[in-house]
Novice: 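Got a structure for you, written out below as structure tokens; questions coming shortly.
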Amino acid sequence: PCHPSHHPIPPHPNPTQIGRKSAIKDRAVIDTVATLPSGFPANVVIGRFVSVGPGAVVTSSVLEDSVQIGAGAVVCEGCVVQKNSVLAAGSVVPAGTLIPSNQLWAGNPATFQRDVSEEEAAATLDQADLTADIAREHAAEFLDHGFAYVEAEKAGVRP
């Protein structure tokens with residue numbers, strides 16, 4: 001077996017920040033590049049109440065509060081998606097794009113489709129609350145450390 005000290009993981013030069021009640025769904029990838037041509041930091045900043053859909057990719061970009069990134073969508077490096085905006089499933093946002101607040105974008109390349117309604121913006125917050133509640137419930141179903149829960153289930157032990 002390989003001992004971890006034999007293959008140290010180098011520190012990542014560009015951090016990722018994920019805000020409260022945000023959800024990164026199954027198979028989604030959050031990544032950074034070394035630098036951006038604009039000179040801005042190549043970090044990933046994900047605000048509060050954000051949903052990054054299954055299989056979506058976000059690279060060195062800023063997603064402000066209450067943003068929805070659809071399943072399989074791609075946000076290329078250096079983008080800014082402002083608050084209450086929605087990126088439709090399967091869309092591709094070219095590098096360096098600014099998506100203004102309260103807009104729905106779709107396509108490849110992604111383009112403006114329409115404004116986001118107040119009801120849709122409120123639904124984003126409701127969904128973030130629901131997802132956070134489900135996450136708390138799910139976390140309570142497992143024991144605190146490692147894979148001990150597998151052995152506990154085999155033995156019939158309940159947390």
Side-chain angles (χ1 to χ4, degrees), residues 1-113 116 120-121 123-139 141-142 145-147 149-150:
C2 181
H3 190 277
S5 64
H6 295 158
H7 299 284
I9 298 173
H12 206 288
N14 296 310
T16 297
Q17 175 185 336
I18 300 174
R20 179 172 68 87
K21 292 190 178 182
S22 288
I24 311 302
K25 308 244 173 119
D26 295 340
R27 302 176 333 280
V29 176
I30 307 299
D31 195 13
T32 62
V33 294
T35 61
L36 294 174
S38 65
F40 287 107
N43 305 344
V44 172
V45 178
I46 297 175
R48 299 171 303 147
F49 316 109
V50 172
S51 175
V52 178
V57 177
V58 176
T59 304
S60 291
S61 292
V62 175
L63 308 179
E64 293 184 355
D65 294 346
S66 302
V67 165
Q68 291 184 52
I69 304 298
V74 176
V75 180
C76 294
E77 62 274 1
C79 294
V80 176
V81 182
Q82 293 182 330
K83 66 180 182 163
N84 297 324
S85 291
V86 177
L87 180 61
S91 298
V92 177
V93 181
T97 300
L98 169 66
I99 296 180
S101 295
N102 303 303
Q103 291 189 357
L104 170 80
W105 283 45
N108 181 6
T111 57
F112 172 76
Q113 303 297 305
V116 172
E120 289 171 314
T124 297
L125 294 175
D126 291 343
Q127 184 61 44
D129 284 336
L130 178 62
T131 301
D133 290 344
I134 291 169
R136 268 191 301 279
E137 181 180 319
H138 179 71
E141 294 173 353
F142 293 95
H145 302 293
F147 291 97
Y149 70 92
V150 173

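Residues take their numbers from the sequence shown, with the count starting at 1. Source: prediction; values computed, not measured.
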Novice: Heavy-atom distance under 4.5 Å between the side chains of V81 and W105, does that happen here?
Specialist: no

Novice: Which atoms form the tightest heavy-atom contact between P94 and V92, and what is the distance?
Specialist: CD-O, 3.5 Å

Novice: Answer yes if the side chains of T111 and Q113 hold a donor-acceptor pair under 3.5 Å, and no otherwise.
Specialist: yes

Novice: Does Q82 reach the main-chain N or O of S101 with its side chain, forming a donor-acceptor pair under 3.5 Å?
Specialist: yes

Novice: What closest approach, in Å, do I46 and S22 show between heavy atoms, and which atom pair accounts for it?
Specialist: CG2-OG, 4.2 Å

Novice: Supply the atom-to-atom distance L104 CG to S91 OG, rounded to the nearest 0.5 angstrom.
Specialist: 8.0 Å

Novice: L87 and side-chain contact (heavy atoms from CB on, under 4.5 Å): which single residue from V67, V74, V93 fits?
Specialist: V93

Novice: Show your reasoning for whether side-chain contact (heavy atoms from CB on, under 4.5 Å) applies to N43 and Q17.
Specialist: CA-CA 8 Å; N43 305 344; Q17 175 185 336; over 6 Å; no

Novice: Over all heavy atoms of both residues, which pair between V58 and S61 is shortest? Give the atoms and the distance, please.
Specialist: CG1-CB, 4.2 Å

Novice: Charged N to carboxylate O below 4.0 Å: is that the case for D65 and R48?
Specialist: yes

Novice: Check whether any side-chain N or O of S60 sits under 3.5 Å from a backbone N or O of A42 as a donor-acceptor pair, and report yes or no.
Specialist: yes

Novice: Evaluate the side-chain contact (heavy atoms from CB on, under 4.5 Å) criterion for residues N84 and T124: first the C-alpha distance (whole Å), next the side-chain angles of each, then the deciding distance (0.1 Å), finally the verdict.
Specialist: CA-CA 8 Å; N84 297 324; T124 297; 5.9 Å; no

Novice: With side-chain contact (heavy atoms from CB on, under 4.5 Å) as the test, would you mind laying out the steps for F40 and V62 before giving the verdict?
Specialist: CA-CA 11 Å; F40 287 107; V62 175; over 6 Å; no

Novice: Which value, rounded to the nearest 0.5 Å, describes the distance between K83 atom NZ and I99 atom CD1?
Specialist: 16.0 Å

Novice: How close do A73 and A88 get, counting heavy atoms only, and between which atoms?
Specialist: CB-O, 3.8 Å

Novice: With respect to K21, which candidate in D133, D129, T131 satisfies the side chain to side chain donor-acceptor pair (under 3.5 Å) definition?
Specialist: D129

Novice: Could you go through the side-chain contact (heavy atoms from CB on, under 4.5 Å) check for V52 and L63 one step at a time?
Specialist: CA-CA 10 Å; V52 178; L63 308 179; 4.0 Å; yes

Novice: Of all the heavy-atom pairs spanning V44 and I30, show the shortest one and how long it is.
Specialist: CG1-CG2, 3.6 Å

Novice: Could you tell me whether the side chain of V57 reaches within less than 4.5 Å of the side chain of D31, counting heavy atoms only?
Specialist: no

Novice: Is there a side-chain contact between S85 and V116, using heavy atoms and a 4.5 Å cut-off?
Specialist: no

Novice: To the nearest 0.5 Å, what is the distance between CD (E120) and CD (Q68)?
Specialist: 8.0 Å

